[in-house]
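One structure is given here, and the rest of the page talks about it.
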2 protein chains.
Amino acid sequence: MIDLITSTANHHVKYLRSLLRSRKDRHSERRFVVEGVRLVGDALNFAQPSLLLYVPEQLASTERGQQLLDQITQLPNAFATTPAILAGLSDVETPQGIIAVVPMPQFISQSASLILMLDGVQDPGNVGTLLRSAEAAGVGQVLCLQGTADVWSPKVVRSGMGVHFRLPIVDGLQWEAALPMIEHCQQRFAAVQDSTLAYDQADLTQPTVLIIGNEANGVSATTLSYASTLTIPMLGSLESLNAAVAGSVLLFEAARQRRKIIKDEG
Amino acid sequence: MIDLITSTANHHVKYLRSLLRSRKDRHSERRFVVEGVRLVGDALNFAQPSLLLYVPEQLASTERGQQLLDQITQLPNAFATTPAILAGLSDVETPQGIIAVVPMPQFISQSASLILMLDGVQDPGNVGTLLRSAEAAGVGQVLCLQGTADVWSPKVVRSGMGVHFRLPIVDGLQWEAALPMIEHCQQRFAAVQDSTLAYDQADLTQPTVLIIGNEANGVSATTLSYASTLTIPMLGSLESLNAAVAGSVLLFEAARQRRKIIKDEG
């Protein structure tokens, strides 16, 4: 017979809730929350969850869930709970029956030749989408300046689809702290609406930092003092592209140029 | 003294609500709803709203709103209402004080050399983002196959930022009906996870149809019988990109190749 956590006053439930709700708590604990069969599976591969809450019958209803269940039931820090408790913690409409607390990965790349820097991107969906595009385009380091949505928030983690475990991410940075991390990159390009440089005219095969700004206000004045600019030429009457789209178009142009070099040399 | 609409039982309010909620009503009426100072301003330039509801004091609180107020107060189909009525109709947290019913534009391009086809894209934000990217990349025609989220829904219209008034869009299509609209395009490429053709190896300067499928399931089997495939090469462990990102990367590659041709020839 498994002991069930049935009360929202349980200290594990309270702890999870604090990490889900509070950026401050996540960062003071250096832990974040992942949810769902897939992400918790990733978490078990890449990190060491410090707490797992699960609903046995929900997990057992799918093959992948059952595999996960077999993997975790013997763990000392895994606790069974009720669907109601889990639904109260869940960020999604149909919870899959598992949620976990995971330490934030702490890796920094010292030599990434393509770095994505986020300067005030606010929408969690945009941040998650940019992280996915970054991994797929070969980014080796993501740097988030202060004012960017928290990369460890439940929404960004969900939309990142596991990229948090694989991509070196440093957040909460001021420019002064970021500088030593990018000094090996001769090129720093901030994406703006108006620039004399079209993005496809830049040589993005060199070590490069690409900087994406806030959805409404673009990059900061400070950023413009540390970086040059480039732009995506646009037809029609729109003032701007979606921030995640703009960043992704730049990232995949860098990937395209880099594939081309390898091909031309090979 | 202006007569205020103060009741949710008012027939104008009911009509707006039906168009906001029901795809069927939007399509049988061939009308959709736009909200906010900016979009209603666009609507007045490009179309002829058949109904306007506005909150005078909210509009008057901004310069652009006041200009719009001056423009509409004399219109026979513009009615003042209360903040509560408008908030009940609004799709956003802080309504700007104006909402309008507009006829769906009915233009079709017979000769667009870049066509975006949506095959079951479900998320309204993705559809809106793709429409914006389409305009900016020089798409001349958007075709939506049955099973795609309604392009005239409030969320898609909001995230489209006015593109609905400028870009020829035909929706609710079956392949048989779409074929005559694309017969001048020799190339039809569906974006898929696995294809022997990398997107940047395709010659996208030719008349081309780019097809983006459903977020979870990709393009349909029927689409694969009518189109060849291409893919965006990805590094890392992700299975897929965000649908709006994938479509935008393809669209801007087409735009890049087309600019390059003009430049090389010029």
Side-chain angles (χ1 to χ4, degrees), chain A residues 38 42 45-46 114 123 125-140 159-167 193 198-202 215 231-260 262-263, chain B residues 38 42 45-46 114 123 125-140 159-167 193 198-202 215 231-260 262-263:
Chain A
R38 186 113 186 207
D42 279 349
N45 287 332
F46 290 99
L114 184 57
D123 180 77
N126 281 343
V127 174
T129 299
L130 283 165
L131 293 179
R132 283 168 70 190
S133 293
E135 183 185 17
V139 163
S159 73
M161 294 187 168
V163 61
H164 289 76
F165 298 117
R166 300 184 297 261
L167 200 57
Q193 305 307 328
Y199 75 108
D200 55 319
Q201 298 300 311
E215 287 85 347
T231 194
I232 300 172
M234 289 168 59
L235 300 167
S237 308
L238 286 164
E239 285 178 15
S240 65
L241 295 172
N242 171 283
V245 161
S248 300
V249 167
L250 299 182
L251 291 168
F252 282 97
E253 171 64 8
R256 186 191 70 80
Q257 291 186 12
R258 288 162 187 232
R259 273 200 312 279
K260 194 159 177 295
I262 291 166
K263 201 175 171 182
Chain B
R38 187 112 184 207
D42 279 350
N45 286 331
F46 290 98
L114 185 58
D123 180 77
N126 281 344
V127 174
T129 298
L130 283 166
L131 293 179
R132 285 169 67 189
S133 292
E135 182 184 17
V139 163
S159 74
M161 294 187 168
V163 62
H164 289 75
F165 298 116
R166 299 183 296 262
L167 201 57
Q193 305 307 326
Y199 75 110
D200 54 318
Q201 298 300 311
E215 286 85 349
T231 193
I232 301 173
M234 288 169 58
L235 300 167
S237 308
L238 287 166
E239 285 179 15
S240 66
L241 296 172
N242 170 281
V245 162
S248 301
V249 167
L250 300 183
L251 290 169
F252 281 97
E253 171 64 7
R256 187 192 71 79
Q257 291 186 10
R258 288 161 187 233
R259 274 199 311 279
K260 195 159 175 296
I262 292 168
K263 202 175 169 180

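Lettering of chains follows the sequences in order, A, B, ..., and the numbering in each one begins at 1. Keep in mind it's a predicted model, so treat the numbers as computed, not measured. Below, each value reflects all heavy atoms present in this structure, side chains not excepted, and no hydrogens, waters or symmetry copies.
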>> Evaluate A/Phe252 against B/Tyr199 for side-chain contact (heavy atoms from CB on, under 4.5 Å), listing each step before the verdict.
In response: CA-CA 11 Å; A/Phe252 282 97; B/Tyr199 75 110; 3.9 Å; yes

> Contact part of B/Arg166 toward chain A, heavy-atom cut-off under 4.5 Å: side chain, backbone, both or neither?
Replying inline: side chain

> Contact part of A/Thr129 toward chain B, heavy-atom cut-off under 4.5 Å: side chain, backbone, both or neither?
Replying inline: side chain

> Of the backbone (N, CA, C, O) and the side chain (C-beta and beyond), which part of B/Ser159 lies under 4.5 Å from a heavy atom of chain A, both, or neither?
Replying inline: neither

> Quick one: side-chain hydrogen bond (donor to acceptor under 3.5 Å, both in side chains) partners of A/Gln201, sequence neighbours excluded?
Replying inline: B/Lys263

>> Can you tell me which of B/Pro233, B/Gly236, B/Ser248 forms the most heavy-atom pairs within a distance under 4.5 Å of chain A?
In response: B/Pro233

> Among B/Val245, B/Leu251, B/Leu238, which residue forms the greatest number of heavy-atom pairs with chain A at distances under 4.5 Å?
Replying inline: B/Leu238

> Which pair of heavy atoms, one from B/Leu235 and one from A/Gly138, lies closest together, and at what distance?
Replying inline: CD1-CA, 3.4 Å

> Quick one: side-chain hydrogen bond (donor to acceptor under 3.5 Å, both in side chains) partners of B/Arg256, sequence neighbours excluded?
Replying inline: B/Glu253

>> Heavy-atom cut-off 4.5 Å, strictly under: side chain, backbone, both or neither for B/Ala137 against chain A?
In response: backbone

> When heavy-atom pairs shorter than 4.5 Å are enumerated against chain A, which of B/Gly162, B/Ser237, B/Ser133 gives the highest number?
Replying inline: B/Ser237

> Is it true that B/Asp200 and A/Arg259 have a side-chain N and a carboxylate O under 4.0 angstrom from each other?
Replying inline: yes

> What part of B/Ile232 gets closer than 4.5 Å to chain A, counting heavy atoms only: side chain, backbone, both or neither?
Replying inline: side chain

